[in-house]
Chemist: 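Sharing a structure with you now.
All of these numbers come straight from a predicted model, not from anything done at the bench.
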Amino acid sequence: MKNLSVADISVFVIYFFIVAGYGYWIYRKKKKAVTDTHDFFLAEGSLTWWAIGASLIASNISAEQFIGMSGEGFFAGIAVAAYEWIAAVALIIIAVWFMPVYLKNKIFTMPQFLKQRYNGTVAMIMTVFWLFLYVFVNLTSILYLGAVAIDGLLGGGHLHTIMIVLALFALIITLGGMKVIGYTDVIQVAVLIIGGLATTYLALTIVSERFGFGKDALAGFNVLLKEAPDHFHMIFNKPAQDAPQIQIDRYLVLPGIAMYFAGQWIVNLNYWGCNQYITQRALGADLKTARTGILFAGFLKLLMPVIVMLPGIAAYVLHNGNHLENFNGSKDSAYSSILAFLPSGLKGLSIAALTAAIVASLAGKLNSISTIYTLDIHKKYISKGADERKQVWTGRVTVWVAMIIALIFTWEDLLGIGGEGGFTFIQKYTGFISPGVFAMFILGMFWKRTTGTAAVVGVVLGLVLAIFFNNYAPTVLGHETWLYTAYKTVEGGKEVWRIPFLINMGWSFFFTVLTMIAISLRGPKVNPHAFILDKEMFKVSPAHIVMIVVTLLVLAALYIRFW
């Protein structure tokens with residue numbers, strides 16, 4: 001902790017006790033959560049719209065964004081903001097069309113949705129998929145990336161200690177149930193926004209100062225525009241095969257306009273609308289509260305690139321100008337390199353913001369793992385007669401087991417998260433199941449003919465196609481086809497041909513949907529398990545229309561400016 005002053009440590013300790021103390025007060029005030037499963041897992045009926053919105057953002061913004069997206073900002077620039085800004089549109093779609101379906105049918109977990117709409121086989125397949133994904137991709141990457149970042153700020157040598165501290169902090173919050181998570185997330189999101197904005201402001205003033213313009217944040221931003229103009233374009237042009245490797249590698253991650261017709265929507269709609277980890281926050285509320293909270297979260301998403309991406313671009317400009325002495329060459333160290341410049345006290349606030357993001361995400365993910373295992377596996381197949389209290393304790397034991405597994409796999413980075421690049425690691429491996437899952441959900445919600453057989457085929461086919469396009473298509477089908485263009489890059493020291501993974505997701509989804517439609521057409525015109533929908537379900541209030549229009553206008557202005 002040689003890099004931290006007394007003021008830094010004091011700020012962090014104050015943050016810790018405020019969050020822990022408030023969480024304990026909520027726990028004592030809402031003691032029913034100890035024995036009521038719906039309260040423990042869903043905080044049923046008790047989260048306000050602002051708590052839902054804040055919790056959505058706090059759980060979403062984590063080391064993946066602070067470290068991973070900042071690293072992609074260093075590498076590729078503002079184009080990576082598409083993940084945040086398109087999410088704002090996705091949240092509008094979720095609020096208007098997805099939530100009415102969930103709430104009308106009293107859906108509490110995503111496997112429950114699949115069992116209700118399709119059958120138990122589909123639900124069980126996806127339950128196992130989700131548990132593996134949440135534990136071995138999301139939980140591990142959040143824990144590892146967060147520990148690496150904080151360790152860098154402390155001067156190194158504390159990685160394993162930090163992992164344990166982060167794990168214990170998250171466990172303290174998670175064991176109080178979703179109500180504690182939801183309300184402590186309000187503090188967490190306030191800390192991460194204030195700390196994140198302060199970090200961005202200081203990063204811009206540092207750039208301004210190092211390039212001879214004094215301490216002026218606006219001047220610093222103008223320096224970024226001048227020194228890294230290629231980092232301020234949302235849409236990358238498709239490169240030729242002989243283009244510089246850096247252009248090819250950027251395009252592989254963010255394939256220009258093509259990604260807006262392919263995987264970008266699948267990533268966001270699947271994540272925000274078909275993901276227990278996220279939807280859980282709104283499933284216990286009424287439709288008006290849920291919609292308001294989700295739309296509020298969508299507006300906050302417009303702000304996130306300022307917090308998590310601009311520091312990465314600032315690090316890029318400082319590095320090119322030989323002003324980034326503590327940079328180790330890895331894009332994932334860009335954010336911590338910027339934090340090293342911060343003055344005493346503010347560094348503690350920034351570490352608190354980073355910790356808030358990490359802990360909130362860990363807690364949310366642990367609660368989702370616990371919910372899915374307890375309600376969709378343990379209660380149905382292991383202990384059918386378990387009462388409310390036993391189910392809550394099963395959930396708590398599951399939380400401990402999941403965190404221990406995550407610690408084991410992150411202790412020596414057995415999954416290679418550091419080598420892949422944090423943001424890319426999560427997006428890529430989540431993308432393997434996203435096409436099939438989203439196809440299964442979207443057809444299940446809005447096409448009454450979709451059958452259980454089609455759903456089983458869809459989820460398996462989506463995975464198979466995603467793996468095929470990612471690993472084998474260039475060899476089997478060639479490097480240039482009407483479907484895609486593959487590019488040569490280096491992975492693990494070897495040259496390989498790769499298709500942009502967002503393009504892979506788009507084609508995997510397209511062929512999966514076609515197959516599911518073909519199979520379903522052989523079944524009844526209306527599946528017996530189909531949901532009953534009516535126009536009144538999707539009616540939007542004037543207040544919600546105003547929120548939607550404001551979000552879309554801001555988004556349009558951003559794209560017009562940085563196209």
Chemist: Give me the atom names and distance for the closest heavy-atom approach of M440 to M126.
Modeler: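 Result for this residue pair: CE-CG, 3.5 Å.
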
Chemist: Is there a donor-acceptor contact under 3.5 Å linking the side chains of D286 and T289?
Modeler: yes

Chemist: Determine whether the aromatic ring centres of F113 and Y118 lie less than 6.0 Å apart.
Modeler: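 No, they do not, as the ring centres are separated by 6.0 Å or more.
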
Chemist: Kindly list each side-chain donor-acceptor pair under 3.5 angstrom involving residues 256-263, sequence neighbours excluded, with atom names and distances?
Modeler:
from : atom 1 : to   : atom 2 : distance (Å)
Y260 : OH     : Y559 : OH     : 2.7

Chemist: Taking side chain as C-beta onward, heavy atoms only, is R117 less than 4.5 Å from N527?
Modeler: yes

Chemist: Is it the case that atom CH2 in W97 sees more than 12 heavy atoms from other parts of the structure closer than 6.0 Å?
Modeler: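 Not buried by this count: 12 neighbours or fewer within 6.0 Å.
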
Chemist: Which is it for V459 and L463 under the side chain to side chain contact (heavy atoms under 4.5 Å, CB included) test, yes or no, and what are the steps along the way?
Modeler: CA-CA 6 Å; V459 72; L463 175 62; over 6 Å; no

Chemist: Is the distance between the ring centroids of W272 and W265 under 6.0 Å?
Modeler: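 No, the ring centres sit 6.0 Å or more apart.
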
Chemist: In the structure I gave you, are the side-chain heavy atoms of F441 and F98 within less than 4.5 Å of one another anywhere?
Modeler: no

Chemist: Before giving the answer on side-chain hydrogen bond (donor to acceptor under 3.5 Å, both in side chains), spell out for N270 and S434 the whole-Å C-alpha distance, their side-chain angles and the decisive distance to 0.1 Å.
Modeler: CA-CA 6 Å; N270 180 68; S434 294; 3.3 Å; yes

Chemist: Apply salt bridge (Lys or Arg N to Asp or Glu O under 4.0 Å) to E495 and list each qualifying residue two or more places apart in sequence or on a separate chain.
Modeler: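 Expected list: K488.
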
Chemist: Step through the shown structure and confirm whether more than 12 heavy atoms of other residues, nucleotides or ligands are within 6.0 Å of CG on L553.
Modeler: yes

Chemist: Whether the side chain of Y102 engages the backbone of G273 through a donor-acceptor N/O pair (distance < 3.5 Å, no angle test) should be reported.
Modeler: yes

Chemist: How are the rings of H479 and W497 set relative to one another: parallel (under 30°), tilted (30 to 60°) or perpendicular (over 60°)?
Modeler: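 H479 and W497: parallel rings.
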
Chemist: Below 4.5 Å, heavy atoms only, C-beta onward: do I372 and I377 meet side chain to side chain?
Modeler: no

Chemist: Walk me through it: do K238 and Y487 pass the test side chain to side chain contact (heavy atoms under 4.5 Å, CB included)?
Modeler: CA-CA 11 Å; K238 185 177 179 179; Y487 293 92; 3.3 Å; yes

Chemist: Flag yes if more than 12 heavy atoms outside F299 fall under 6.0 Å of its CZ atom; otherwise flag no.
Modeler: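 Result for CZ/F299: open.
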
Chemist: CZ of F232: more than 12 outside heavy atoms within 6.0 angstrom?
Modeler: yes

Chemist: Looking at R449 and V526, would you say the former's side chain and the latter's main chain have a donor-acceptor pair under 3.5 Å?
Modeler: no

Chemist: Any side-chain heavy atom of F75 within less than 4.5 Å of one from D249?
Modeler: yes

Chemist: Could you tell me whether a side-chain N or O of N119 sits under 3.5 Å from a main-chain N or O of K115, the two making a donor and an acceptor?
Modeler: no

Chemist: Can you find a pair of side-chain heavy atoms, one from T453 and one from R522, that are under 4.5 Å apart?
Modeler: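 Answer no - side chains too far apart.
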
Chemist: Find out whether C274 and L269 are in side-chain contact, i.e. whether some heavy atom of one side chain is under 4.5 Å from a heavy atom of the other.
Modeler: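 Of all side-chain heavy-atom pairs linking L269 with C274, none is under 4.5 Å.
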
Chemist: I'd like to know if the side chain of T398 and the backbone of S370 have a donor-acceptor N/O pair within less than 3.5 Å.
Modeler: no

Chemist: Between Y484 and P500 (side chain of the first, backbone of the second, donor and acceptor by atom type, cut-off under 3.5 Å), is there such a pair?
Modeler: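 The answer is no, because no donor-acceptor pair under 3.5 Å joins these two groups.
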
Chemist: What's the separation between atom CG in L461 and atom OG in S508, rounded to the nearest 0.5 Å?
Modeler: 8.5 Å

Chemist: Should I548 and L295 be marked as a side chain to side chain contact (heavy atoms under 4.5 Å, CB included) after you check the CA-CA gap, both sets of side-chain angles, and the distance that decides it?
Modeler: CA-CA 7 Å; I548 291 168; L295 293 174; 3.8 Å; yes

